[in-house]
S.K.: 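If you scroll down you'll find the structure; I have some questions about it.
Note on naming: letters A, B, ... go to the chains in the order of the sequence lines (proteins, then strands), and numbering restarts at 1 for each one.
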Amino acid sequence: MPELPEVEAARLELEAGALGRRITSVDDHDTFVCRPHAPGELADALTGTTLTSAHRRGKSMWVDTDRGPVLGLHLGMAGRIAIDEEPDHWDRFAVGFADGGRMALRDKRRLSRAILDPDLSSLGPDAAEVSRGEFAQRVRRGRGPLKARLLDQSVVAGVGNLLADETLWRARLSPLLPASELRDDQAHALWRALRAATRDAIRMGGVHTGRLIVDRRHNRTCPRCGAELLRATVGGRTTFWCSREQAA
DNA sequence: ACCTATGTTGATAC
DNA sequence: GGTATCAACATAGG
């Protein structure tokens with residue numbers, strides 16, 4: 001489930017439940033989730049430290065420790081944070097605290113990541129924070145279809161497949177529109193739609209609460225005008241959009 | 001059973 | 001270098 005809104009919820013869980021607790025054990029045996037680290041590297045760096053703050057940019061999270069090393073966490077496609085829950089078969093990485101509790105990265109699909117001192121240099125500005133001017137400039141820089149630009153984490157960080165469709169639908173823009181040809185008013189509308197869709201998803205509890213997302217499976221009609229929804233692969237992902245309001 | 005789909009991202013090929 | 005495709009993982013559904 002994790003796009004920006006879900007990751008922000010996970011960050012808040014870390015902030016509320018994991019900070020200030022001293023780590024006394026680390027399970028980093030999953031060499032795929034913990035790549036490129038060898039087993040024990042995360043344990044050596046983190047054991048004895050206390051988590052001090054939890055941050056997020058786009059879909060990437062990182063947690064600072066009182067002794068320097070930074071723990072990077074990414075939820076991948078199906079990961080979530082489990083704090084003080086019973087150990088589970090799907091826990092891919094976990095730390096145990098001195099008070100007996102634990103924090104786990106739980107993920108059936110193993111596409112999540114736990115990594116020391118993560119490199120975030122290729123991430124664009126956070127989708128919930130980016131300014132109107134910077135967004136317009138960055139999104140127009142590329143040549144591909146608009147949706148592909150939104151999904152590119154180096155353009156703006158945090159937009160996934162569902163949030164991209166919801167944002168384009170709110171802005172009444174076609175996902176196929178060449179990004180470099182966006183007019184100023186279109187870029188502005190897209191920026192406003194992105195911020196509104198992101199904020200609403202955070203408030204409502206996730207990207208699945210989006211109006212287009214809710215309806216796309218059911219009636220496959222536009223929740224606003226009732227016209228048929230189109231479906232195609234755009235930017236490598238399944239895409240739904242309104243045949244009337246989002247005409248190219 | 002087999003094929004497709006799935007919230008992401010990285011490596012690879014043009 | 002930007003852009004597109006495929007693979008990585010595991011499960012669910014038609």
S.K.: Hey, is the side chain of A:H208 poking within less than 4.0 Å of OP1 or OP2 on B:dG7, counting only N and O atoms?
M.R.: no
S.K.: Any side-chain N or O of A:S112 under 4.0 Å from OP1/OP2 of B:dT8?
M.R.: no
S.K.: Does atom CZ (A:R141) have a neighbourhood of more than 12 heavy atoms from anything else shown, all under 6.0 Å?
M.R.: yes
S.K.: From the list C:dC9, C:dT11, C:dA10, which nucleotide is the closest neighbour of the side chain of A:W90?
M.R.: C:dT11
S.K.: Is there a donor-acceptor pair closer than 3.5 Å between any side-chain N or O of A:E166 and the backbone N or O of A:V207?
M.R.: no
S.K.: Can you tell me which residue among A:T52, A:T49, A:T50 is in a side-chain contact (heavy atoms from CB on, under 4.5 Å) with A:R67?
M.R.: A:T49
S.K.: A:F240 has an atom CZ; how far is it from atom P of B:dA5, in whole Å?
M.R.: 11 Å
S.K.: Between atom CG in A:L111 and atom P in B:dG10, what is the gap in whole Å?
M.R.: 11 Å
S.K.: How long is the line joining CZ of A:R113 and C1' of C:dA10, in whole Å?
M.R.: 17 Å
S.K.: Describe the nucleic acid contact of A:G142 in one word from base, sugar-phosphate, nothing, applying a heavy-atom distance below 4.0 Å.
M.R.: sugar-phosphate
S.K.: Provide, to the nearest angstrom, the distance between the CG atom belonging to A:L150 and the P atom belonging to B:dT9.
M.R.: 14 Å
S.K.: Can you figure out which of C:dC9, B:dT8, B:dA5 approaches the side chain of A:R231 most closely?
M.R.: B:dA5
S.K.: Taking the cut-offs as 6.0 angstrom to the six-membered ring centre and 45 degrees off its axis, would you call A:R35 and A:F32 a cation-pi pair?
M.R.: yes
S.K.: Take the protein atom CD of A:E6 and the nucleotide atom P of B:dT6, then report the distance between them rounded to whole Å.
M.R.: 16 Å
S.K.: Is there a side-chain contact between A:R149 and the phosphate of C:dT3, meaning an N or O under 4.0 Å from OP1 or OP2?
M.R.: yes
S.K.: Round to a whole Å and report the spacing from CD1 of A:I213 to P of B:dG7.
M.R.: 9 Å
S.K.: Would you mind telling me which of B:dT8, C:dA4, C:dA8 lies closest to the side-chain atoms of A:M77?
M.R.: B:dT8
S.K.: From CZ of A:R110 over to P of B:dG10, roughly how many Å is that when rounded to an integer?
M.R.: 17 Å
S.K.: Considering only the P atoms, how many Å lie between C:dA12 and B:dT9, rounded to the nearest integer?
M.R.: 23 Å
S.K.: Under the 6.0 Å and 45° cation-pi test, does A:R80 pair with A:W90?
M.R.: no
S.K.: Rounding to an integer number of Å, can you tell me how far A:H74 NE2 sits from C:dC9 P?
M.R.: 18 Å
S.K.: Once you apply the 3.5 Å cut-off to both distances, tell me the Watson-Crick or G-U wobble partner of B:dG7, or none.
M.R.: none
S.K.: Establish, with yes or no, whether the OP1 or OP2 oxygen of B:dG7 is under 4.0 angstrom from a side-chain nitrogen or oxygen of A:R237.
M.R.: yes
S.K.: Look at A:Q153 and B:dT8 and indicate whether a side-chain polar atom (N or O) is within less than 4.0 Å of OP1 or OP2.
M.R.: no
S.K.: For B:dT8 and A:K59 - does any side-chain N or O of the residue sit under 4.0 Å from the phosphate oxygens OP1/OP2?
M.R.: yes
S.K.: Would A:Q186 and A:L177 count as a side-chain contact (heavy atoms from CB on, under 4.5 Å) if you check the C-alpha gap in whole Å, the side-chain angles of each, and the deciding distance to 0.1 Å?
M.R.: CA-CA 11 Å; A:Q186 292 175 319; A:L177 202 62; 4.1 Å; yes
S.K.: Spell out yes or no: do the side chain of A:R109 and the base of C:dC9 have one donor N/O and one acceptor N/O closer than 3.5 Å?
M.R.: yes
S.K.: Considering Watson-Crick and G-U wobble pairs with both distances under 3.5 Å, what does C:dC9 pair with?
M.R.: none
S.K.: Could you measure between the two P atoms, the one in B:dA5 and the one in C:dT5, and give it in whole Å?
M.R.: 14 Å
S.K.: What's the gap between B:dG7 and C:dT3 when it is taken at their C1' atoms, as a whole Å value?
M.R.: 23 Å
